[in-house]
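Step one of this worksheet: look at the structure below.
Naming convention: chains lettered A, B, ... in sequence-line order (proteins, then strands); numbering from 1 in each chain.
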Amino acid sequence: MNIKEISGGVRLCIHKTAKFKNSVITLNLLTPLSEDATKYALLINLLARTNKSYSTIMSMNRRLASLYGATITPSVSKIGEVQVLSLSLLCLDDRFALGNDRVWEECVKLLCTCLFKPDITPEGFREENVQREKRLLAEAIESRKDEKRLYAFDRMTEEMCRDEIYGISPYGRAEDIEKITGKELMEIWKKLLFSCPVQINVTGNINEKKTEKIFSALFDSLARDKKAVTELHTEFLTEAYESKTVTEKQKVKQGKLVIGMRAGMTYDYDNYAAIKVMCAIFGSGTFSKLFMNVREKMSLCYYCSARLINSKGLIVVESDVETENALKALDAIRNELDEVRKGNFTDEVIINAKKSITDTFASVEDSIVTVNGWMTAQSTAGIFRTPDSFIEEINAVSREEIILAASMVTEDTVFILESEKEEE
Amino acid sequence: MDFTTVRNELLNEEYYEINHDSGLKIFVMEKPDYSGAYAIFGTKYGSVDTCFRLEGEKEYTSVPEGIAHFLEHKLFESEELDAFTRFAETGANANAYTSFDRTCYLFQCSQEFKKNLEILLDFVKAPYFTEETVQKEQGIIGQEIRMYQDSPDWQVLFNLLRGMYSNNPVRIDIAGTIESIAQINAELLYSCYNTFYNLSNMALAVVGNVKKDTVLNIVDRVIKPEATVKFEQIIPEEPKAVAQKHIEEEMGVDMPKFALGFKECLSSAVPSARKSLTVNIALDIIGGKVSPLYSELMEKGLINPAFGKEYFAGRGFAAPIFTGESTNPEEVKNAIIGKIEEIKEKGISDEDFNVSLKKMYGNAVLAFNDVDDMANNIIDAYFNGQGLFDTVELYKTITKRDVEKAVEESFDTENYCLSIIK
């Protein structure tokens, strides 16, 4: 991976490889997570759907199809307290085009048109487009609620981080949609272009110099002031002040249990390796305590796993469980964490955890999706790190460091989605 | 043992197809520029295989619904170390899945490939079921079944299948029901295992940073030759017409979901690669993102980007289907049917055909990026009696007329079912 600052606040990451038959370019626009999250979420969809050159859905989609089914996909996510707005282009490598079609250049042109030349008038984005995107965003938010695993996870995060910026959903809030105007959207679009930190990920069989030239020229032409680039920051709470339980009832067949914990981190890579290994022993993978005991031995659920969200210093346990077994599962999960704190795990499990983590790191570059995901995950980090650079640190973690990392974990919020029985 | 090299110039890809002495079919695609490898070991046995007869036996054996999936879970266990524990020692990411017509076991790794392949072959070929472990699994799978019952996307599809099919077991949830899995015992599991996990009914595909000879050395060592087990898989006769035209379920979702399927009667067990490709192009022309219908429904507020389509086909079943979210699924259905009728009457324009063809070709090439996709596709193609490169090659010869014919044959606008989740 080749990392370079090409213009004020613009980082270009290139992974040149001929092994894929496609290439990917992702433009990541980074902005502090804020009350404007809904506007930004709407904006990125609007930019991907149509633009000045292709002003209808059909003309845009037909253009993409004629470029061998290239896609430009908008997405939003959060990394710590940063909202990441992405426009991602996936296109066929020129080597596999039929005849002498120049797919790549045309696709890059189209992607840049989306970001830099939207379909706007002096009054802002066109009303009909704004209205359509409002409907689509509202439906996407509703639809996310219908997937109960996501719903339970979102609700736990919201409850746990109620007083923190992190509690804001990057996908937007339904009640904020209606009042958004085309003019406001144009203003935040301009603001983004001039001041947000940008990371451009590029993977594929591409010409590095040419790529750099295209994007340097585009961002240089904006005359971005390096000093005016928005600063990004995430607040870390090292421990939970009090533990709370939130319960909700819905007409579902199966309940969900989500537990949010604070990992004791003060920044995104603080004691990262030890916490990562500890979290794996506790609940990631089939060798973990949660899988072996809560799922396999106690037969309480189909999934029960823990993962580390290092960008905010959280460990989240997710499980599906019958409502009458929820408290039993909660006790079992707490008990397993205690076992890790007490050091009740074998040396073999430490090796298993390390191998599982390093195996994943070692194969990041085998897929266009995982390379791109890795790059995006690094976009808010001051120093860009490659997967390889973590392997040594992971392997160096000692038993004592694992126990110490586990002792720093504090339980913050338990969210239980209960199934409301028909007769009630 | 004999092998052939299957090569495709356009993609600059090749793989070995090997007939191993044990009776196992093996595929190896060497990809030295990748750091890891992916292996998949599968049997042509899935949730639809609930009735079979061994050669020489008089009686048909009927087994509980969901048994293929149950067997998949149980195979990970053994008398000593279970497969998960063994894979944990190497750091590989191991998994398995059961679909309507196959069950596959797999791993992906970037270290200790040889050991991983040995574990994979060994645990799949060493069944160990006891009444006690069967009971424990009923709890875990029971939770899996319930989890899917709460998934509106899953329910809308299975309701559609129940609406389209009267007898074909494709109408039954892959995992079965809480009641059906309660009837499973160790003896039944062995009976299914001994029938369907015969090497002659299985295949192994490996793609990644490995050598053919490495794979073969391990297979030679671990896999013992087996006498071929011959059997008949019985798929009940299915009426031509759908069971129900409309099926609706209340789940209290915020965003209603729908699935619309056109039931087809198959002349052969599985649609050919050519048939699948032409139906997929037809689906794209009718309602793909490039189509006027897509834009129209989008602008009218009737669909959103969740709108999609697929040719749902396997052993004994085939149906082009449209799925999505809509506040008015009936109107979406009417618009789709209207569009199909229009194409049947007026034909397809050259431009529409060329745009979709180019797009679908691009999508087909996309399947040659990741080692897992390539290995899965090799197994899929083989179990369907095809080769991995068949689809990419077909683009050269498909004509507009082929696609028009596919619209006439596979989209019977009288024989549809609309499934809605509210």
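The CE atom of B:M298 lies 6.5 Å from the CZ atom of A:R135; values are rounded to the nearest 0.5 Å. Interatomic distance, A:R295 CZ to B:Q143 CD, rounded to the nearest 0.5 Å: 11.0 Å. With rounding to the nearest 0.5 Å, the separation of SG in A:C301 from CZ in B:R146 is 14.5 Å. The line from CD of A:E133 to CG of B:N304 is 10.5 Å long, rounded to the nearest 0.5 Å. Note that CE of B:M255 and CD of A:E139 are 3.5 Å apart. Values are rounded to the nearest 0.5 Å. The CG atom of A:L64 lies 8.0 Å from the NZ atom of B:K289; values are rounded to the nearest 0.5 Å.
Considering all non-hydrogen atoms of both residues, A:S299 and B:G139 come closest at OG-CA, 3.7 Å. Nearest heavy atoms, B:P292 versus A:R62: CD-NH1, 4.5 Å. When all heavy atoms are compared, the tightest approach of B:Y294 to A:N61 is CE2-ND2, 3.8 Å. In plain terms, the two heavy atoms of B:S151 and A:E147 that are nearest each other are OG-OE2, 3.7 Å. Heavy-atom minimum distance, A:S363 versus B:S35: CA-OG, 3.9 Å.
The contact between B:Y34 and chain A is made by backbone and side chain atoms together, counting heavy-atom distances below 4.5 Å. Heavy atoms of A:L90 lying under 4.5 Å from chain B belong exclusively to its side chain. Contact of B:E250 with chain A is not made at all, since no heavy-atom distance falls under 4.5 Å. Residue B:Y361 touches chain A through its side chain alone, counting heavy-atom pairs closer than 4.5 Å. The contact between A:K256 and chain B is made entirely by side chain atoms (from C-beta outward), counting heavy-atom distances below 4.5 Å. If you measure heavy-atom distances from B:T90 to chain A, the contacts under 4.5 Å come from the backbone alone. The parts of A:T358 that come within reach of chain B are both its backbone and its side chain, each placing non-hydrogen atoms under 4.5 angstrom from that chain. Using a 4.5 Å cut-off between heavy atoms, B:N95 makes no contact with chain A at all. Looking at B:N93, there are no atoms closer than 4.5 Å to chain A (heavy atoms on both sides), in backbone or side chain. Neither the backbone nor the side chain of A:F361 comes within contact range of chain B; no heavy atoms are under 4.5 Å apart. Proximity to chain B is absent for every atom of A:N45, based on heavy atoms less than 4.5 angstrom apart. Interface residue A:R49: only side-chain heavy atoms are found under 4.5 Å from chain B. Contacts of B:I141 with chain A are absent, with no heavy-atom separation under 4.5 Å from either backbone or side chain. A:E322 touches chain B through backbone and side chain together, each having a heavy atom under 4.5 Å away.
Side-chain rings of B:F368 and A:F96 stay apart, their centers remaining 6.0 Å or farther from each other.
One finds a salt bridge joining A:E296 and B:K136 here, because a Lys/Arg side-chain nitrogen approaches an Asp/Glu carboxylate oxygen to under 4.0 Å. A salt bridge does not link A:K21 to B:D370: none of the charged side-chain nitrogens sits closer than 4.0 Å to a carboxylate oxygen.
A donor-acceptor pair is defined here as one N or O able to donate and one able to accept, closer than 3.5 Å; such a pair exists between the side chain of B:D150 and the backbone of A:Q254.
Inter-residue side-chain proximity for A:K355 and B:C109 is flagged as unmet; no heavy-atom pair is nearer than 4.5 Å. You'll find the side chain of A:R132 reaches within 4.5 Å of the side chain of B:E299, heavy atoms only.
With chain B as partner, the option from A:D359, A:I57, A:V364 having the largest number of non-hydrogen pairs under 4.5 angstrom is A:D359. Ranking A:K19, A:M58, A:K148 against chain B, the residue ahead of the rest is A:K19, based on heavy-atom pairs under 4.5 Å. Between chain B and the options A:F287, A:Y303, A:F20, heavy-atom pairs under 4.5 Å are most frequent for A:F20. For the set B:G36, B:G91, B:A306, the entry with the most heavy-atom pairs within less than 4.5 Å of chain A is B:G91. Of the listed residues (B:E144, B:Q108, B:Q138, B:E137), the greatest number of heavy-atom pairs within a distance under 4.5 Å of chain A belongs to B:E144. Interface summary for chain B: among A:L98, A:T56, A:D93, A:L92, the most heavy-atom pairs under 4.5 angstrom belong to A:L98. Listed options B:D352, B:N363, B:N209 were ranked by heavy-atom pairs under 4.5 angstrom with chain A; first place goes to B:D352.
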- Task: List the steps, then state whether side-chain contact (heavy atoms from CB on, under 4.5 Å) holds for B:I145 with A:K253.
- Result: CA-CA 10 Å; B:I145 292 172; A:K253 299 269 189 311; over 6 Å; no
- Determine, step by step, whether A:T286 and B:F87 satisfy the side-chain contact (heavy atoms from CB on, under 4.5 Å) criterion, reporting the C-alpha distance in whole Å, the side-chain angles of both residues, the deciding distance to 0.1 Å, and the verdict. CA-CA 9 Å; A:T286 52; B:F87 277 119; 5.9 Å; no
- Message: Does A:R95 form a side-chain contact (heavy atoms from CB on, under 4.5 Å) with B:N12? I'd like the steps, not just the answer.
- Response: CA-CA 10 Å; A:R95 288 171 296 165; B:N12 189 27; over 6 Å; no
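More than 12 heavy-atom neighbours from other residues, nucleotides or ligands sit within 6.0 angstrom of CD on A:E128.
Using modelled atom types, one finds a donor on one side chain and an acceptor on the other under 3.5 Å when comparing B:E325 with A:S143.
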